[in-house]
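Letters A, B, ... are given to chains in the order of the sequence lines, protein chains preceding strands, and every chain is numbered from 1.
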Amino acid sequence: MIRLMGKKKDFLRKIVEEDLRSGKYSQVVTRFPPEPNGYPHIGHAKSISLNFGVARDYGGRCNLRMDDTNPETEEARYVEAIEDAVRWLGFDWGERTLYTSDYFQRLYDYAVELIKMGKAYVDSLSEEEIREYRGTVTEPGRRSIYAERSVEENLDLFERMRKGEFAEGEHVLRARIDMAAANMKMRDPLLYRIRHAPHFRTGNAWHIYPMYDFAHCLSDYIEGVTHSFCTLEFENNREIYDWILDTLGVPPPRPHQYEFARLNINYTVLSKRKLIELVKEGYVSGWDDPRMPTIAGYRRRGYTPESILTFCEQIGVAKANSVVDVAQLEACIRDDLNPKVPRVMCVLDPLKVTILNYEGSEEIDASYYPHDVPREGTRKLPFSSEIYIEREDFSEHPPKGYYRLTPDQPVRLKHAYIIRCQEVVKDEEGRVVEIKAIYYPDSRSGSDTSGIKVKSAIQWVDARRARKVEVRLYDRLFGVENPQGPEDLNPDSLRIVKEALIEPAAIEEKPDERFQFERLGYFYTDPVDYRDEAPVFNRIVTLKDSWAKKRQKASPKPAKSEAKPSKSAPKEPRSVEMSPEEQARFERYGKESGLREELASTLARDERLSRFFEAALETYEGATTIANLVANEVARELKREEELTFAPAQIAALARLIDEETISGKIAKEVFEAMSQSGEDPEKIVEERGLRQISDPAEILPVIEKVLEQNPDNLRKYREGNERLFGFFVGQVLKATGGRANPRIVNELVNRELKKS
RNA sequence: UGGGGUAUCGCCAAGUGGUAAGGCAACUGGUUUUGGUCCAGUCAUUCGGGGGUUCGAGUCCCUCUACCCCAUCCA
């Protein structure tokens, strides 16, 4: 049932796994909850992959829920687009699509309950006033006068809001939480607002609609969702999520929200607003324009669901805001297609080649797949004295390192013969219009006895039998890494070649929908515009082109050397002044206890730490050890818990154990841990667990020998000069003794043993 | 400025006190009838900076810095 044993897991899967292991939930339930107000994009694919992937990996289920709480922006066609996308990616969401609007009545009932508890009220402030009353990040807000309405009045008003008795904006329902909360989201958040617009599913049944913060947590709860994954910008909303479920006191199990970083890709925009602009302003042909980062766009471009999913897995799930390189996506589709699709020959910019010494015609058998793709399938390649090659594959004055056809350099026609240039025919303007060549009859592919060595094999098509096709060469939509809007569009994102020539089998046999056009890239039969009599191919992605790269390096572009603003000079850190009391403590710690400045200041600056330290000093005078324990271990505990389970005297006792070398510093941490768990005295813990330090070399030496024996590889590496491994050996010895060996002695002995040989 | 987050290679990203994973990109070299693929190899003495604790710190403590989110009747 659990498929990820031992594999690398993201932090969310770890949480799920732990919750399942601990029995917090018996089955994991996730959900993908888009708002149907636009086409889903690859950022949604990340969320789909996460939510459905977690459900699949842990034997749970994942719901598809339309978060349709805003009637003004949502449409049924977007629901279909979302369903299509999820289905295309290969996921199944059970019986039916769910809708937040299915729960409107139950949500309403929950709201009434809150009102009855005195935890929600109808506010009649204007929108502007509400904003004003909310305060700012630094100043607390103040509560509306309407917050004092009676439960009865609130109930009455809320019911009439529902019936549509009021104008939009006249009233809202708010939670009564805390207008001074540091988290702005908690300053009496709005729960319901009045909207008279018809909803695409519920029509005019409702005149009030729940806000995200109210609807989401409860919808999750209603559906039995256990893990509610959302993006980072909702971190501040989690507190409301919990408040609503806690205040309502819903019976367990209840869902919990976790946040992860949304996807960003360079040269790409993924904000819904900007995507809508591209479509509405006609910068692209629609939501499914092959340059769009929508799932529909990638799909029409020719990307496979597998490649998108692989991408989502590769980029991982974490909490750091990041921008993924679009090259990573491109690598995924190449990688997916390379071992799968047939190769055919297509010429985008034809240059005629007449083979002077060839007569008649023939058909050459050629495999659709290269030697390294273990697939069956061949086609016939018509060949005659008139063919076309790619204009780029001939050069009269070739640059250094050019492998293709030149006046002096023969080339192989892929699957066919080697040819040599005999004459270059030009028009009045000096443009090359034709090559007259000769072929070597004994150089035919597969039975080449000519002994001629060529540097490359190029694609070609037979002049008479080739088919004319339209090829759409797509490139990235934006020309800059971090595009802001239409001004950053790449003017060359689409180049249409109306009269490309392709070998006939690609059209007549149509062995697949996706092809590799030999040496050009991967292409897809456009699902919308392709006709048998007028084929249209979309370029999915180019092949990697190390020749182009090499040439680019040889003739570097006019360097756009912007002064790199990165890593600007570090700002002068401003240090916080100590208050007079802190200053006094600081000086006393230095003078009376002999603490070093760092330590003294750490303690002195913290009220609780200094009190603790001073109390501990009363039982034992080892100031430095105590201070270290307080500044490190106690400080950590204080960060975690308000109340400490141990007393200053116990820390003093622990310090004494360290100073007397009864235990090592390492064991001290273990003892401290135990102490903060149980509150027991350190001496007792040491005795009960047998933690006394081992300092006798006679006892340690055998352990060292064993460790060295068990790690011959590392021993060799160490002796070859990898001195970092010293720490490794010390660690192994310490581990073998349960951490009880005296580290100082272990270090000495390991060092000695390692030097021996 | 208050609160909530985040910082590990050019880009993602593992790592939870004991040898700094992996992918993409890049760079060598080999194979190749695709300048593709594949194969072999290189690519972090260092984890945002500075201090501290420890035999040992990316991991614990202190402190500073940078970036993201929050003051929609959007989600």
Novice: Looking at the base of B:rU6, is there any donor atom on it, or on the side chain of A:Asn321, that sits under 3.5 Å from an acceptor on the other one?
Specialist: no
Novice: B:rC38 pairs with which nucleotide, Watson-Crick or G-U wobble, both distances below 3.5 Å?
Specialist: B:rG30
Novice: If you look at every strand shown and take non-hydrogen atoms under 4.0 Å, does A:Tyr402 touch a base, only sugar-phosphate, or nothing?
Specialist: base
Novice: Look at all strands and tell whether A:Val317 reaches a base, only sugar-phosphate, or nothing, counting heavy atoms closer than 4.0 Å.
Specialist: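 Touches sugar-phosphate only.
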Novice: With a sphere of 6.0 Å drawn around NZ of A:Lys340, does it hold more than 12 non-hydrogen atoms of other residues, nucleotides or ligands?
Specialist: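 Yes.
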Novice: Between A:Lys46 (side chain) and A:Ala261 (backbone), is there a donor-acceptor pair under 3.5 Å?
Specialist: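 Such a contact is found between A:Lys46 side chain and A:Ala261 backbone.
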Novice: Determine, for nucleotides 70-75 of chain B in 5'-to-3' order, which nucleotides have protein heavy atoms under 4.0 Å from the base (write B), from only the sugar-phosphate (write S), or from neither (write -).
Specialist: SBSBSB
Novice: With a non-hydrogen cut-off below 4.0 angstrom, is A:Arg519 in contact with a base, only sugar-phosphate, or nothing?
Specialist: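 If one applies the 4.0 Å heavy-atom cut-off, A:Arg519 turns out to touch a base.
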Novice: Closest approach to the side chain of A:Ser546, judged atom by atom: which nucleotide of B:rG36, B:rC55, B:rU54 is it?
Specialist: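 Nearest to the side-chain atoms of A:Ser546, counting from C-beta on, is B:rG36.
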Novice: Classify the nucleic acid contact of A:Thr602 as base, sugar-phosphate or nothing, counting any heavy atom under 4.0 Å across all strands shown.
Specialist: sugar-phosphate
Novice: Who is the Watson-Crick or G-U wobble partner of B:rC67, with both distances under 3.5 Å?
Specialist: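 Partner of B:rC67: B:rG5.
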Novice: Heavy-atom nearest nucleotide on RNA chain B for A:Ala320 versus A:Trp547: which residue maps closer to 5'?
Specialist: A:Ala320
Novice: Checking only heavy atoms, does the side chain of A:Arg724 share a donor-acceptor pair with the base of B:rU19 at less than 3.5 Å?
Specialist: no
Novice: Looking across every strand, which nucleic acid part, if any, lies under 4.0 Å from A:Leu734 by heavy atom: base, sugar-phosphate, or nothing?
Specialist: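 Contact class for A:Leu734: base.
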Novice: Please classify the nucleic acid contact of A:Leu725 as base, sugar-phosphate, or nothing, using heavy-atom distances under 4.0 Å.
Specialist: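 The residue A:Leu725 makes base contact.
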Novice: Donor-acceptor pair under 3.5 Å: do we get one between A:Gln328's side chain and the base of B:rG23?
Specialist: yes
Novice: Touch check for A:Gly446, heavy atoms < 4.0 angstrom, all strands: base, sugar-phosphate only, or nothing?
Specialist: base
Novice: Does A:Arg596 place a side-chain N or O at less than 4.0 Å from the phosphate oxygens OP1/OP2 of B:rU53?
Specialist: yes
Novice: Just checking A:Val323: base, sugar-phosphate only, or nothing, at a heavy-atom cut-off of under 4.0 Å?
Specialist: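 The answer is sugar-phosphate, as A:Val323 gets under 4.0 Å only of primed atoms, P, OP1 or OP2.
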Novice: With sugar-phosphate meaning primed atoms plus P, OP1 and OP2, does A:Lys666 contact a base, only sugar-phosphate, or nothing at under 4.0 Å between heavy atoms?
Specialist: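 A:Lys666: base contact, heavy atoms under 4.0 Å.
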Novice: Under 5.5 Å between ring centres and under 30° between planes: does that hold for A:Tyr403 against the base of B:rG35?
Specialist: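 Here the ring of A:Tyr403 and the base of B:rG35 are stacked, with centres under 5.5 Å and planes under 30°.
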Novice: Can you tell me the Watson-Crick or wobble partner of B:rA75, both distances under 3.5 angstrom?
Specialist: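 Check on B:rA75: unpaired, no WC or wobble geometry under 3.5 Å.
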Novice: Is any side-chain N or O of A:Lys639 closer than 4.0 Å to OP1 or OP2 of B:rC62?
Specialist: yes
Novice: Base, sugar-phosphate alone, or nothing: which one does A:Gly141 contact when heavy atoms must sit under 4.0 Å apart?
Specialist: nothing
Novice: With heavy atoms under 4.0 Å as the rule, sort A:Val730 into base, sugar-phosphate or nothing.
Specialist: base
Novice: May I ask you to say what A:Gln516 touches in the nucleic acid, namely base, sugar-phosphate or nothing, with a heavy-atom cut-off under 4.0 Å?
Specialist: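 If one applies the 4.0 Å heavy-atom cut-off, A:Gln516 turns out to touch a base.
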